Amino acid sequence: MASPNRNARSAVVLGRLLGIAFLVCFGTGVFSYFLQEPLSWMRFPTRPVQLYQITQGVHITAGIAIIPLLLAKLNTVMPALLQTPPVRGPLHLLERLSIAVFVASAIVQVTTGLLNTYQWYPWPFPFKQVHNALAYVLIGSLVLHIGVKLRLITRYWRKRDSYDEHGRFVVDPDAGSELLPPVQTQPAASAPGAQPGTRYPRGLTGRVLRWVDGVPAGPPADAAEPSRASRTTAGQADGRRQRVARRGFFAGVAAATVGVVALTAGQSSVLAEPFNVFGARQRHRGPNDLPVNRTARAAGVLATATAADWTLTVVGHDVSRTFSRAELVALGGAVARLPIACVEGWSQMATWKGVRMVDLLAAVQAAPGSHVRVTSLERHGGYRIMDMGPEYAEDPTTLIALELNGATLDLDHGFPARIIAPGRPGVLQTKWIEKIEVIA
């Protein structure tokens with residue numbers, strides 16, 4: 001508990017990194033949520049076409065980076081969390097409760113988010129709604145925590161104000177930190193760095209014990225007051241010891257953070273692809289050279305998606321038409337290079353070929369600016385019905401895709417036809433579609 005790493009400056013440094021990561025996750029997460037659950041007045045950009053690929057990749061990468069940073073922060077503030085007595089009054093109780101909410105929500109948020117990347121849900125509540133609601137609790141408790149600790153954060157914000165000329169942490173009892181060690185009056189006869197009253201034997205045994213305790217070699221306990229030069233040397237040695245401990249600790253935190261990011265970011269980044277050891281999806285693996293999240297068997301469409309009489313129904317306000325797959329293939333000469341980007345964090349660019357959505361809407365005389373509803377052959381699932389705003393419906397790269405990467409669309413990728421549009425989550429790129437309806 002007396003480690004040199006466990007001080008207010010270390011807590012501030014890790015807190016800054018965590019604060020940035022939480023805000024990045026919050027911003028990109030809110031963007032993802034409203035893409036899936038837009039308010040009536042919302043419109044979203046369709047360029048660049050990799051927009052969601054970028055934002056969700058950043059969201060998952062920052063969320064994974066939070067894990068080692070959060071563990072490091074908890075390690076740093078452990079003495080304050082385990083202090084006795086745990087509560088010193090009503091205001092201190094409220095402060096402790098706010099910290100408990102912050103820590104608990106952070107642990108639940110990053111744990112459930114990580115498991116979501118593997119599509120494993122060992123809990124009884126709906127992930128998307130709870131993850132969204134808990135994000136606001138987390139950010140609110142973070143703001144409250146910053147407000148409570150603002151004086152301390154300001155005091156130890158800069159490195160030069162936190163350490164003396166020898167590199168030793170500057171204890172400021174007035175800063176309000178619970179990590180500041182108690183100020184002890186050490187007898188002049190004690191060796192610098194030793195506990196009050198500590199005596200070391202002479203010879204090799206004493207040297208070994210001093211080395212274990214990190215106490216620089218000095219005069220015996222019964223020696224006279226050390227000279228100013230001796231005290232300076234002892235201060236320099238203690239400063240070096242503290243610097244080495246801090247650098248080792250932060251080097252370990254940095255290595256852990258870079259490691260988990262590098263070993264998972266390859267599921268959404270071309271540059272990190274060779275290092276994707278722990279990512280839930282491996283790029284370029286799967287039918288049509290593309291990973292699959294939800295198979296046709298899991299969706300229960302094996303029979304209906306392969307039925308010979310399958311047709312796509314397009315419904316306008318006054319005109320309706322049906323298209324067989326052969327008719328769509330005859331119309332489908334449009335090609336688009338678009339990513340499939342999933343909420344779980346993996347993404348990959350692919351080449352799609354099919355019929356432009358805007359051409360099918362023109363075939364049923366849909367008015368400009370129409371909202372569209374797409375229905376899948378699936379009979380269950382939260383994304384069986386998908387609404388699409390006019391910014392996507394009228395985009396020339398939005399396709400009813402029939403081919404993927406130069407081959408017929410695989411059944412697990414949405415055969416006989418699926419939606420692909422720029423800048424949208426994979427869950428909204430509806431597979432196995434049976435109806436397109438103009439709703440506004």
Side-chain angles (χ1 to χ4, degrees), residues 46 48-53 56-57 119 266-270 273 276 279-299 301-302 304-307 310-312 314 323-360 374-378 381 383-384 386 388 392-393 395-436:
T46 61
V49 296
Q50 303 97 331
L51 180 61
Y52 189 74
Q53 182 181 23
Q56 195 64 7
Q119 295 184 298
Q267 60 184 339
S268 61
S269 168
V270 175
E273 186 176 332
N276 185 23
R281 295 289 184 276
Q282 300 291 328
R283 292 158 57 88
H284 307 293
R285 293 189 182 181
N288 291 125
D289 194 30
L290 192 71
V292 173
N293 257 16
R294 183 169 170 80
T295 65
R297 181 179 296 278
V301 298
L302 288 175
T304 53
T306 57
W310 174 88
T311 58
L312 173 63
V314 184
F323 298 86
S324 66
R325 193 173 193 281
E327 291 172 326
L328 291 173
V329 170
L331 295 171
V335 177
R337 183 88 173 148
L338 296 174
I340 186 76
C342 290
V343 294
E344 294 83 12
W346 72 268
S347 59
Q348 183 178 323
M349 189 67 75
T351 301
W352 309 84
K353 184 177 180 181
V355 184
R356 296 193 307 168
M357 173 71 81
V358 68
D359 293 336
L360 286 186
V374 179
T375 303
S376 172
L377 290 170
E378 294 184 72
Y383 297 98
R384 185 178 74 87
M386 178 270 292
M388 178 183 286
Y392 298 108
D395 192 286
T397 62
T398 298
L399 303 180
I400 289 79
L402 307 170
E403 295 183 17
L404 171 57
N405 288 332
T408 299
L409 196 66
D410 188 86
L411 183 59
D412 283 340
H413 280 306
F415 179 90
R418 70 170 295 166
I419 297 294
I420 188 71
R424 303 200 89 195
V427 290
L428 301 182
Q429 313 281 29
T430 308
K431 300 194 284 188
W432 313 293
I433 60 176
E434 65 172 351
K435 180 189 289 187
I436 299 173

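Bear in mind that the values here come from a model prediction, so they are computed numbers and not experimental data.
Taking all atoms of both residues into account, the shortest heavy-atom contact from Gly426 to Ile340 is CA-CD1, 4.1 Å. The shortest non-hydrogen separation linking Cys342 to Asn293 is SG-ND2, 3.7 Å. Taking every heavy atom of both residues into account, Gln56 and Val343 meet most closely at NE2-O, 2.7 Å. Nearest heavy atom pair, residue Arg384 against residue Thr430, reads O-CG2, 4.5 Å. Asp410 and Asp412 get closest at one heavy-atom pair: OD2-N, 2.9 Å. Taking all atoms of both residues into account, the shortest heavy-atom contact from Ile420 to Pro339 is CD1-O, 4.0 Å.
Considering only residues two or more places apart in sequence or on other chains, Ala341 meets the side-chain contact (heavy atoms from CB on, under 4.5 Å) condition with Tyr52, Gln53, Ser347. Residues satisfying the side-chain hydrogen bond (donor to acceptor under 3.5 Å, both in side chains) criterion with Trp432, sequence neighbours excluded, are absent altogether. For the side-chain hydrogen bond (donor to acceptor under 3.5 Å, both in side chains) test, residues two or more places apart in sequence or in another chain that qualify with Glu273 are Arg283. Not counting sequence neighbours, the partners of Asp395 by the salt bridge (Lys or Arg N to Asp or Glu O under 4.0 Å) test are Arg47. Residues passing the side-chain contact (heavy atoms from CB on, under 4.5 Å) test with Pro416, sequence neighbours excluded: Ala305, Trp310, Arg325. Scored by the side-chain contact (heavy atoms from CB on, under 4.5 Å) test, Ser269 finds Leu271, Ala272 as partners (sequence neighbours excluded). In terms of the side-chain contact (heavy atoms from CB on, under 4.5 Å) criterion, residue partners of Thr304 (sequence neighbours excluded) are, by chain and number, Val301, Leu377.
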Is there a side chain to side chain contact (heavy atoms under 4.5 Å, CB included) between Leu331 and Phe323 once you walk through the steps?
-> CA-CA 10 Å; Leu331 295 171; Phe323 298 86; 3.9 Å; yes

Can you list the steps and then say if Leu338 with Gln429 is a side chain to side chain contact (heavy atoms under 4.5 Å, CB included)?
-> CA-CA 11 Å; Leu338 296 174; Gln429 313 281 29; over 6 Å; no

Audit row: Gln119, Arg294, side chain to side chain contact (heavy atoms under 4.5 Å, CB included) steps and yes/no = CA-CA 10 Å; Gln119 295 184 298; Arg294 183 169 170 80; 5.9 Å; no

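Pairs engaging residues 330-357 under the salt bridge (charged side-chain N to carboxylate O under 4.0 Å, His left out) rule: Arg356-Asp359 [sequence neighbours left out]. Here salt bridge (charged side-chain N to carboxylate O under 4.0 Å, His left out) pairs that include residues 414-435, with residues two or more places apart or in two chains, are Arg379-Glu434.
Between Ile419 and Leu428, the closest side-chain pair of non-hydrogen atoms is not below 4.5 Å.
In this structure, CG in Leu312 is found 10.5 Å from CD in Glu327, a value given to the nearest 0.5 Å. Summarising the geometry, atom CH2 belonging to Trp352 is positioned 5.5 Å from atom CG belonging to Leu290; distances are rounded to the nearest 0.5 Å.
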Listing, residues 398-409 side-chain donor-acceptor contacts under 3.5 Å, not counting sequence neighbours, or none:
{"unit_1": "Thr398", "atom_1": "OG1", "unit_2": "Tyr392", "atom_2": "O", "d": "2.7"}
{"unit_1": "Asn405", "atom_1": "OD1", "unit_2": "Thr351", "atom_2": "N", "d": "3.0"}
{"unit_1": "Asn405", "atom_1": "ND2", "unit_2": "Asn288", "atom_2": "O", "d": "2.8"}

